[in-house]
Amino acid sequence: MEYSAQTIEKKWQEYWKQNKSFEPSEDFTKEKKYILSMFPFPSGRLHMGHVRNYSISDAFARYHRQQGKNVLHPIGFDSFGMPAENAAIKNGSHPKGWTYDNIDYMKKEFYALGFSFSREREMATSDELYTKFEQSFIIDMFEKGLLYRKKGLLNWCPHDQTVLANEQVVEGCCWRCDTPIVKKDMNQYYFKITQYGDELLNDLKKLEGGWPKQVLTMQENWIGKSNGLAFDLFFDEESSAKLNNTFKSFDVFTTRPDTIYGVSYTALAPEHEIVTYMIENSLLPDDVISQIKKMKTTSSIDRQKEKSGVPLKIEVLHPLTGKKIPVWVANFVLMDYGSGAVMAVPAHDDRDFDFAKKYDLPIHAVIKPFDGEVSLDSAFTEVGELFNSGEFDGLNSKKSQYNIIKYFEENNIGKKTTNYKLKDWGVSRQRYWGAPIPFVHCDDCGLVMEKKENLPIALPEDVEITGEGNPLDNHPTWKHCKCPACGKDAIRETDTMDTFVESSWYFLRFCASPKNWEKEAFSQEQIKYWMGVDHYIGGIEHAILHLLYARFFTKVFRDLGYVDFDEPFDKLLTQGMVLKDGAKMSKSKGNTVDPDAIIEKFGADTARMFILFAAPPTQELEWNDSGVEGSHRFIKRFFTNSGNVLKTDKIPKIDHASLSKEEKFARKKVYEALVRANDVYNERYTFNTMIAGVMEAMNALNVQNNSDVWSEGYWILSSIMEPVIPHTCWEISSKYFSLNNLSSQTVIDEVFVEDSISLGVSINGKVRAQIEVALDETNENIISMAKQSVEKWLEDKTIIKEIVVPKKLVNLVIKG
RNA sequence: GCGGAUGUGGUGAAAUUGGUAUACACGCCAGACUUAGGAUCUGGUGCCGCAAGGUGUGGAGGUUCAAGUCCUCUCAUCCGCACCA
């Protein structure tokens, strides 16, 4: 009974393929489970993070299939994106060829790991069929006003030569290549995600319990809702005249209306329209202009290093006191938050304080601690009592916010306002390997949508990818077309879509029956049946980007009438990273472990088992070579020991009372493992403890030799372990149980009934002895037995309290 | 700075409601088999101690008959966001 992973694994992989074992049924009366892992980018080879991701989802999928559920466990590839183009530039390959070659290779790796994906539903988002429906949705969204084009200040990555969404800027750098981004004024398409800001925020409540808290918080912070007061600051006559009466006022937003009387200057973003006007009309000295220009071109990280500013030598009037307040330009004021202008209260804001100190601006305190005086050594940012604040003097600063907003509203000089950090999602990219945006620029008609019957607008294959400029724009003929509205010569849009658009609806596409793939994206009936995703598994790195966009698309699709629910993913499991030597596996660190090598040396089952056993799925996983060998050893033992099993078609009936102590114990351990397995697959997801339970049961089986107990044990254990080490379990099951045991198992209660119980006896909480008592022993007897067992501890002491915790322990409290 | 986590043997980690801390595995030690072992099997293994015993879940307090678990304070590490007005 030699265990040969290679032979067994090949055999069953072929069997599953031939028998189409993992295709979901189209019988929509059955109970369903939709198990989904975040689909991979076809980078070329699987890494251990992938193996972990799909080992988890495969365990869920196989378990629920055993339970008789109709399981959808699909796989696809998020196949558009920059790396394909970068590879093209580097190797002279074509992005398409590179991508599809990689997909073929990675599929082989997936099936060599025994993952139970639906093969019929495999797809890639760069497939023209996928592009076709995506473009159709884009047109729907444009018609609904949810997609628009405008000129704006954008995040530009000088290395990748493309625009990035705010979500793709990480610490001021490109999320892919780490190049500091710069702001650039360009035309760009936007999704109106801000229209859904409130709903995206409020619906996070619906996800509580199903999603990790951390992800919910990250999304909440990203949306960044804050309530406050917005009002206009009016220029005095002199300043207004200086601005040629072009501007009378500008708008500011504050979350601290209670500090209104402390305003001592105001600051505009360098990109603010008033600043731009003053520069363009030479209303500022040259050195001031050059300082502002410098601020504008500084990357956002450098801009954070030190506060700087210049005075514009104009003034506004305080809305309540009418006093004159100087207007500055400051580098810390962001054009894309609020209105790009702030009122500054140095006495009660750290940032305003620093700036005021640096430029020697006045500091007016208006809030003091309840029990003392305010000091001007630093900003006082806590709640306190208002003073120097006119009719609001004496109020609690926190509570006064309501009164002050009310005053502004009643006097029509400002209003309560909500602001969001969330910005509209900029989706156009100046790159080749993406879905073309289906619009046409016509001299007469302007921006025109393509007709749906002309979709897909496919990419031309004969392109030169040089890394300079946009290949679609450089292509000699592709962009020339006829206007869909008037028929005249027109120019096709050469921007392509952000790849996050594809991943925002792929989970819906998987619901579609492949036989209808040509004619529809998905049907209402299919969506209704399969959605929402019961278990969604992926990395935490998508906490904001993909998971926010997918939620947004779901809500848009609902409003377009395609789906009838609000949230796509019922339960989200964010797996931890795979580490080696304490660091994330990466090529640059040279600490990667190649899945193919592990499969070749130990087999797929060993790789899967180690990954699920070494740590709970949400935690980081430290790769450990001897740990892998340990898992391999277990599988070998599990396989070899199956020689003790008798062939049977159904689970043996066993007379429990007639068994020896060891046999009873083995049965108990087996059924304990079953109870734990059900709990793990349904509630806890801690596969490591489930596997430990199976190991304990194996150890217990090993010290007895009743073949019925062996058979029953294996009937159950190979069923529990099938989601983890499927090849080995199918081999054992087909050999002894005709594959009948790979199904839901029933827990028998009698194996848990014990003749006697072992209780710990503790004195003042410290365990001193063990006693065996009958199941129905009276407390009185238990206490007297307990006292006997710890006699020597009781000499010269008085027992002041006796506690019996049923089935656990006895605690004697003594004194003296 | 704000937010979220995590601290348990030499290592990865268990302990579902406060109730016998360290399950399971790795490693290590000893033994068996063996020409050999980086194979397999058996036994041992928190720390101090010959032992009796003491001590032990980052640290300091507290509640309780009983605390890894609850409360207060504190330290460390990791992750996310960050001049957001």
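Reminder, nothing fancy here: chain letters follow the sequence lines and each chain counts from 1. In this text, all values refer to a predicted model and were calculated from it rather than measured experimentally.
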Asn811(A) (side chain) and rC65(B) (base): donor-acceptor pair under 3.5 Å: yes
Quick one: which of rG19(B), rC24(B), rG12(B) gets closest to the side chain of Lys808(A)? rG19(B)
Ser758(A) side-chain proximity, nearest of rU20(B), rA15(B), rC84(B): rU20(B)
Using whole Å, report how far NZ of Lys584(A) lies from C1' of rC79(B). 12 Å
Among rA14(B), rA25(B), rC65(B), which nucleotide has an atom closest to any side-chain atom of Pro616(A)? rA14(B)
Under 4.0 Å between a Lys/Arg side-chain N and an Asp/Glu carboxylate O for Glu754(A) and Lys668(A)? yes
Is there a donor-acceptor contact under 3.5 Å linking the side chains of Ser226(A) and Asn419(A)? no
Atom pair distance, as rounded to whole Å: CD in Glu672(A) and C1' in rC24(B): 13 Å
Report the base-pairing partner of rG1(B) (Watson-Crick or G-U wobble, both distances below 3.5 angstrom), or none. rC81(B)
Electrostatic pair Lys358(A)-Glu306(A), nearest N-O below 4.0 angstrom: yes
Indicate, yes or no, whether a donor-acceptor pair under 3.5 Å links the base of rU20(B) to the side chain of Gln770(A). yes
Hey, is the side chain of Arg637(A) poking within less than 4.0 Å of OP1 or OP2 on rA39(B), counting only N and O atoms? no
